[in-house]
Amino acid sequence: MSVVRDGIGVAEGISFGPIRVLNWGMPDVPHQTLDPSAAELEVTRFAEAREWARARLLDIQAGTEEILGPLESRIFEPQLLMLEDPEVVDGTVRYIRENHLTAARAFYWRMLELQAQWVRTSNPMVLDRLSDLEDLMVRVLHHLLDLREPTDLTGDEPSIVVARNLTPSLTVQMDPEQVLGIAADEGTRTSHWAILARSMGIPAVAGMVDLSRVAHDGQQAILDGRFGRLILDPDDRDHRVYRDRKDRIEAWEEELGQLARLDAVTVDGQPVALRANIDVPAESGRAASHGAEGVGLFRTEFLVVGRNAMPPEEEQYEAYRQVAAAFPGQAVIVRTFDLGGDKFPTFLHMPAEENPFLGWRAIRVCLDRLELFRPQIRALLRATAHGDVRIMLPLVNDVEEVIRVRELISEEEQGLRRDGIPFSSAFKLGVLIETPAAALDAAELARYSDFFSIGTNDLIQYTLAVDRTNARLASLYNPFHPAVVRQIHQVSRAARAAGIEVSVCGEMAATPLGAFLLLGLDITTLSVAWPSLPEVKKVIRAFRMEDARAAAKQALGAATSKDVTEALVAGLGGAVDLEVFSGRWNLSLPGGSD
Ligand code: PEP
Ligand code: MG
């Protein structure tokens, strides 16, 4: 019987095939001693292995640079440095010569020794290098022991790779011809490997909990990267449903390709500004070619998460400038660091918290750690000289936070003027409305903000007290709960009354019913993950604003989520094929909750 496992969809696409469990683990390193006369041969083998690893890492780095850009490819530098580090090299050679160990055993010992030393230190820079150390160990040991690298799939049947966790270096080595899909126990949409999988066009799901322990090599599976679902041992019905779904999506995608050049306008002539959500600067080209009119949400956590140190101002400036350059004359809304919750920077050593989503996160962290926040403000201000770069603050709860940020900005502006560095003082500062406090206080916040963007992903979780990452609660995480709909309406009205722009940048805007409702609530600027842009445009071009307003009015008077959904489905009147779209709440797939 088939088994359905739900996680988080992190890269679009449906794939069918056998599973290959990828175990990026330490191989057994036999304890062998050598005849002393063989020592020099082992020293040479070790030098060759280092040379091989160096070439391999440079190769992977080049691949990463091609897909994600030079900034991201720097994550391999610590491993390249370690290969030359006398602590590693001399220590290993000494064990070969003095203890007559094989190169593999000597390297293994030396690295374990370093690992033990590093674990004891409290220096965060060193602690952050532990995963690099392990990564390098696995790679070099496989080579020295003449074992096939775990990521080497050459000659294997194309398969769906299942792993406990993935790293960018493992992901970038995957050949999309060989790897039909990826399913990992850990990770979220913003994990570096997930961003890579999206850029490489490999369907992927994350957050599968213990799948890597349950699944086995050769087991058949279907992976749906949009829904975040994996079906183990699918039966005929599962195959039929998903083949049909894949066919429909493909037919639809062909049509979508042509949509990029058309305007986002409703049947009765209401223009909609469609912007893109991006996670790294390298996505801006794809976003533009998918028809984005600017960037509505540029998440900046990639500059911090998984890094060894605070991101330098210069590097940040480059990243922001790069995106601004891809959208001349259009808005580029950069969100300041949204750390905490599910996005942990390692070097900041966030305290373990009982309730991370209700804890030290987003604007709270920035206002507490000015050594992190000030360089970001400076870099952002400098980027305003290159386009319509706007600054957006996450998880704002009250006016005082915005006032404090304005003070900091004005201090940094003075500094830039003093240093003769150009910036535009006409830039806009906006607020991400993500909590019921902000939604209820929207009229006050509007007095201090140049624009609002509603972050429905968080607004839904905080309104309904439903953890957005908890797969078990997925059916309760409902964007069409009347309390959510009413808050969005209230924010939209407050923004209009204050004469400021309001948009939505949560995933809700990327669903047909969501886009229909939001337009009905007079929100005519939407920002969605760039792969969804053509779909949303197709939906917008299929309905009338008048019908959206009527349906929204009905939704606002509805007593239950079900009534809201029904009002929207009826209003949209079959204008689009809802089954092709995402949103578990309007689908009836095998294993679905409905
Ligand atoms: C949101 O909360 O809706 C949002 C857009 O931000 P994120 O998904 O990054 O939390
Ligand atoms: Mg958010």
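Counting convention: from 1, in listed order, for ligands and their atoms alike. All residue numbers in this chain count up from 1 along the given sequence.
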**Q** Only N/O/S atoms count here: what is the atom of D458 closest to the Mg ion (ligand 2) called?
**A** OD2

**Q** Quick check on contacts: which atoms of ligand 1 are under 4.0 angstrom from a heavy atom of L297?
**A** 5 (C)

**Q** With a heavy-atom distance limit of 4.0 Å, tell me whether L459 approaches ligand 1 through its side chain, its backbone, both, or neither.
**A** neither

**Q** Where on N457 is there a heavy atom closer than 4.0 Å to ligand 1, on the side chain, on the backbone, on both, or on neither?
**A** both

**Q** Could you tell me whether F516 and F543 have their ring centroids closer than 6.0 angstrom?
**A** yes

**Q** Taking the six-membered ring for Trp, are H290 and W530 parallel (under 30°), tilted (30 to 60°) or perpendicular (over 60°)?
**A** perpendicular

**Q** State whether the shortest distance between N or O atoms of R361 and N or O atoms of ligand 1 falls below 3.5 angstrom.
**A** no

**Q** More than 12 heavy atoms of other residues, nucleotides or ligands under 6.0 Å from CZ of R374: yes or no?
**A** yes

**Q** Tell me, which N, O or S atom in E434 is closest to the Mg ion (ligand 2)?
**A** OE2

**Q** With heavy-atom distances below 4.0 Å as the criterion, list the atoms of ligand 1 near G506.
**A** 3 (O)

**Q** Quick one: is the NZ or CZ of R382 closer than 6.0 Å to the six-membered ring centre of F423, and within 45° of its axis?
**A** no

**Q** Is D185 reaching over with its side chain to a backbone N or O of S212, donor-acceptor style, under 3.5 angstrom?
**A** yes

**Q** Measure the CD1-CZ distance between I278 and R286 for me, rounded to the nearest 0.5 Å.
**A** 12.5 Å

**Q** Give the contacting part of E507 toward ligand 1: side chain, backbone, both or neither, where contact means a heavy-atom distance below 4.0 Å.
**A** neither

**Q** Tell me which part of R468 gets within contact of ligand 1: side chain, backbone, both or neither, using heavy atoms under 4.0 Å.
**A** side chain

**Q** Can W360 and D368 be counted as having a side-chain donor-acceptor contact under 3.5 angstrom?
**A** yes

**Q** Atoms of ligand 1 less than 4.0 Å from D458 heavy atoms?
**A** 1 (C), 2 (O), 3 (O), 10 (O)

